[in-house]
S.K.: 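There's a structure below that I have some questions on.
Predicted model only: the values in this text are computed from it and were never measured. Residue numbers start at 1 and run along the sequence shown. Side chains are part of it too, since the values below use all heavy atoms of this structure and drop only hydrogens, waters and symmetry mates.
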Amino acid sequence: MSTVDESATRPQVRPRAWRRNPVWRGAKRLPFLLLIAAIFIYAVFPFYWAVLSAVTPEGQLFTKTVHYFPTHFTLNNFRDVLKSGDFQHALINSTIVAVSVVLVALAVGSLAAYALGRFNFRGRSATLYLMLSMTIFPQIAILGALYTMINSFGIFNDLKALILSYMIFTLPFTVWVLTSFMRALPKDLEEAAYIDGASPLQVFYKVMLPLIAPGLVTTGLLAFIASWNEFLYALSFTETPDKRTVPVALTQFVGKSGYQVPWAEIMAATVIVTVPVIVLTLALQRRILAGLTAGAVKG
């Protein structure tokens, strides 16, 4: 009597089929999702706490019980901050300085990047690395010499002093990034423009600038953020309240009693000065992403 092999009659299960189970796939991605959530909370929570403190009355900030959601909502802190004449001057000054730095850095930096990226001359690499080395030194290392130079120019306690000093750390970065964009552009377009009779300057602003628009947006936004948030030079080269920028003005808030630190107003002012940067970043996020990736691709 022949025996039937029971293993031959069993249904054949494909190996590793359990890995296709949706539950297993979700569990496999769970650590990655938890890591992303932790990074998101770590990055966003300080700003959320600033917003929460800004919409909370001053007396409710120092209770023993910690509240992660507003229990007494108020906008008086924002009204008090916006009514302050010194803070209004600081907002205007920061806007003037940041926009001026961006325009000058992009105008000078794009021209320098065009020369460094499209023309061959002796010392080109040394010039690039020299500019890059200028960003390595800490700001305080040149503060004394820069202070003496600004005094000799007669622009102390003037917005021109801030624009000039901010160019020290924004212009080298702008030139370095835009040079990589210029090098990545194909030579065929440039040669075709020269054949059509275009001058080097016409090639620059009619052919090159539209092609490196993502790089201009990226470097311009980074220069704006750096100028908007700079504190050391703004504190050292300004003296009167009408010439101070926002970071310095945030440290000058005084409570009604003169000894109290108005944390609610400081948080409201922090939210006000942070919102423009967030809006610009969200509005230009596609350009920023293209600018951060296009310079690394040679095409």
S.K.: I need the full list of salt bridge (Lys or Arg N to Asp or Glu O under 4.0 Å) pairs touching residues 113-142, with sequence neighbours left out, sorted by first then second residue.
M.R.: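 Every pair satisfying salt bridge (Lys or Arg N to Asp or Glu O under 4.0 Å) with a residue in residues 113-142: Arg118-Glu190.
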S.K.: Would you say Tyr129 has more than 12 foreign heavy atoms packed within less than 6.0 Å of its OH?
M.R.: no
S.K.: Can you pull the salt bridge (Lys or Arg N to Asp or Glu O under 4.0 Å) pairs that have at least one residue in residues 236-249, sequence neighbours excluded?
M.R.: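 Residue pairs passing salt bridge (Lys or Arg N to Asp or Glu O under 4.0 Å), neighbours aside: none found.
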S.K.: Please report the closest heavy-atom contact between Met167 and Pro172, naming both atoms and the distance.
M.R.: O-CD, 3.6 Å
S.K.: Under 3.5 Å, which donor-acceptor pairs link side chains of residues 40-52 to any protein atom two or more places apart or in another chain?
M.R.:
unit_1: Tyr48; atom_1: OH; unit_2: Tyr68; atom_2: O; d: 2.3

S.K.: Taking the side chain as C-beta and beyond, is there a heavy-atom pair between Tyr205 and Pro210 under 4.5 Å?
M.R.: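 Of all side-chain heavy-atom pairs linking Pro210 with Tyr205, none is under 4.5 Å.
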S.K.: Contact between Leu211 and Leu189 at the side-chain level, heavy atoms closer than 4.5 Å - yes or no?
M.R.: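 A side-chain contact under 4.5 Å exists here.
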S.K.: Between Tyr166 and Tyr233, what is the ring plane arrangement, given parallel below 30°, perpendicular above 60°, and tilted in between?
M.R.: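 Geometry flag for Tyr233 against Tyr166: parallel rings.
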S.K.: Are Asp158 and Phe237 close enough that some pair of their side-chain heavy atoms sits under 4.5 Å apart?
M.R.: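 When only atoms from C-beta onward are counted, Phe237 and Asp158 do not touch, as no gap falls below 4.5 Å.
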S.K.: First locate atom OG of Ser100, then atom CG of Leu164, and finally report the distance between them rounded to the nearest 0.5 Å.
M.R.: 12.5 Å
S.K.: Do Thr245 and Leu162 have side chains that approach each other closer than 4.5 Å (heavy atoms only, starting at C-beta)?
M.R.: yes
S.K.: Minimum heavy-atom separation for Asn77 and Ala54, please, with both atom names.
M.R.: ND2-O, 2.8 Å
S.K.: Using side-chain contact (heavy atoms from CB on, under 4.5 Å), reason through Val101 and Phe224 one step at a time and then give a plain yes or no.
M.R.: CA-CA 7 Å; Val101 169; Phe224 181 88; over 6 Å; no
S.K.: Shortest non-hydrogen contact from Ser110 to Leu209?
M.R.: CB-CD2, 4.1 Å
S.K.: Report yes if the side chains of Thr56 and Phe73 come closer than 4.5 Å at any heavy-atom pair, otherwise no.
M.R.: no
S.K.: Which heavy-atom pair separates Val102 from Gly220 by the least distance, and what is that distance?
M.R.: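 Minimum heavy-atom contact is CG2-O, 3.4 Å.
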S.K.: Heavy-atom distance under 4.5 Å between the side chains of Gln88 and Leu91, does that happen here?
M.R.: no
S.K.: In terms of ring plane angle, is the pair Tyr114 and Phe204 parallel, tilted or perpendicular, where the classes change at 30° and 60°?
M.R.: tilted
S.K.: Please find the pair of heavy atoms, one from Leu185 and one from Met208, that lie closest to each other, and give the distance.
M.R.: CD1-SD, 3.3 Å
S.K.: Minimum heavy-atom separation for Ala249 to Ala90, with atom names?
M.R.: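 Heavy atoms of Ala249 and Ala90 come nearest at CB-CB, 3.6 Å.
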S.K.: Does a donor on one side chain and an acceptor on the other come within less than 3.5 Å for Thr74 and Asn76?
M.R.: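 A donor-acceptor contact under 3.5 Å links the two side chains.
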